[in-house]
Amino acid sequence: MTWKNHSLFMEFVFLAYPKRPELRMLCFFGVSLAYGLIISGNILIVVSIQTETRLHTPMYYFLGSLSGIELCYTAVVVPHILANNFQSEKTITLLSCATQMVFLIGLGSADCFLLAIMAYDRYVAICHPLQYPLIMTVTLCVRLVVASVVIGLFLSLQLVVFIFCLPFCQDRGIEHFFCDAPPLMRLVCATSHIHELSVLMAATLAIAVPFFFIATTYALIVAAVLKLHSATGRHRAFNTCSSHLTVVLLQYGCCAFMYLRPVSSYHPKQDRFVSLVYTLGTPFLNPLIYTLRNSEMKGAIGKVLTRKCISHGK
């Protein structure tokens, strides 16, 4: 039963939602609170970077783009999770499931690629400071962000088409809150390791390759920083990179755990929790990590909030 034999209106059922009404309400309010903080935090970063002239640099342009991608990324699944809490039949059609997966995996991959681009930006700024304005032009920055989104969606589309061309068993229950590759692969009747290997290869392109690029970039940055004679210069360089490195470890750690392992090792309850961490936790923590460790960002956000308070007070 390949894609052409699947009905586009065939339905899957989500089995991860709590059965008890009070737990569903608790889940709804918890996710709503997290989503509200994600939206406000990331929008605040985007607005601060756009309104503050001194933040019109490649590093902050990439940070603003990261916040924009994460707003879109969470919008793919979080409203769906909130709506399902109040629906008696927590179902989704095959076409809707495939569409959700394309954007979920595509934007998640774009996130990973953009973090690699941000590492390259730091490498050029620290290792080639005199050439930095010539290399990291506005045109290049825009092209890199667009390329990360396009490549992410392209890889995602190929993976989703491949998965939905496989034969599904009669069991349509997805042990998850939304459509994702690992829980859906458990519904595939074909037992060939080629299918599993294909999914792992796609995950490797989107996760492992950018991570190794980041690791290599940071090895070069550390080597360059250790050659600096000034302790203040070394501290400033490491402080600039620390926020990005924290986000990289959080993002890639969760993604690698979910996607860079065999489907047979998938554990529904444990993996549902991890998926919520990278769907809600990472987009929520990123603004905090970047603002708490960055005095320029804190100052810009403070100005935006002050202007907002003044305008409301008039």
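Keep in mind the model is a prediction, meaning the values are calculated, not measured.
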Given Leu71, which of Leu107, Ile45, Asn42 fulfils the side chain to side chain contact (heavy atoms under 4.5 Å, CB included) condition?
-> Asn42
So, do His80 and Phe14 have ring centers that fall under 6.0 Å from each other?
-> yes
Interatomic distance, CD@Glu70 vs CG@Asn286, rounded to 0.5 Å, equals 4.5 Å
Could you grab the distance from atom OH of Tyr60 to atom CD1 of Ile49, nearest 0.5 Å is fine?
-> 8.0 Å
To the nearest 0.5 Å, what is the distance between CG (Asn85) and CG (Leu26)?
-> 10.0 Å
Roughly how far, to the nearest 0.5 Å, is OH of Tyr252 from CD1 of Ile214?
-> 3.5 Å
How long is the gap from CG on Leu37 to CG on Leu44, to the nearest 0.5 Å?
-> 12.0 Å
Charged N to carboxylate O below 4.0 Å: is that the case for Glu175 and Arg186?
-> no
For the Cys pair Cys112 and Cys255, is the SG-SG distance shorter than 2.5 Å?
-> no
Find the distance between CE (Met118) and SG (Cys241) and round it off to the nearest 0.5 Å.
-> 10.5 Å
Are the side chains of His244 and Leu115 in touch, meaning some heavy atoms are under 4.5 Å apart?
-> yes
Leu82 with Val77, same ILVMFWY side-chain cluster at under 4.5 Å = yes
Might you work through the side chain to side chain contact (heavy atoms under 4.5 Å, CB included) test for Leu280 and Val78, ending with a clear yes or no?
-> CA-CA 8 Å; Leu280 294 171; Val78 178; 3.6 Å; yes
For the residue pair Phe168 and Phe12, is the inter-centroid distance of their aromatic rings smaller than 6.0 Å?
-> yes
Could you tell me whether the side chain of Gln100 and the main chain of Cys179 form a donor-acceptor pair under 3.5 Å?
-> yes
So do Met297 and Ile301 actually touch side chain to side chain, heavy atoms under 4.5 Å?
-> yes
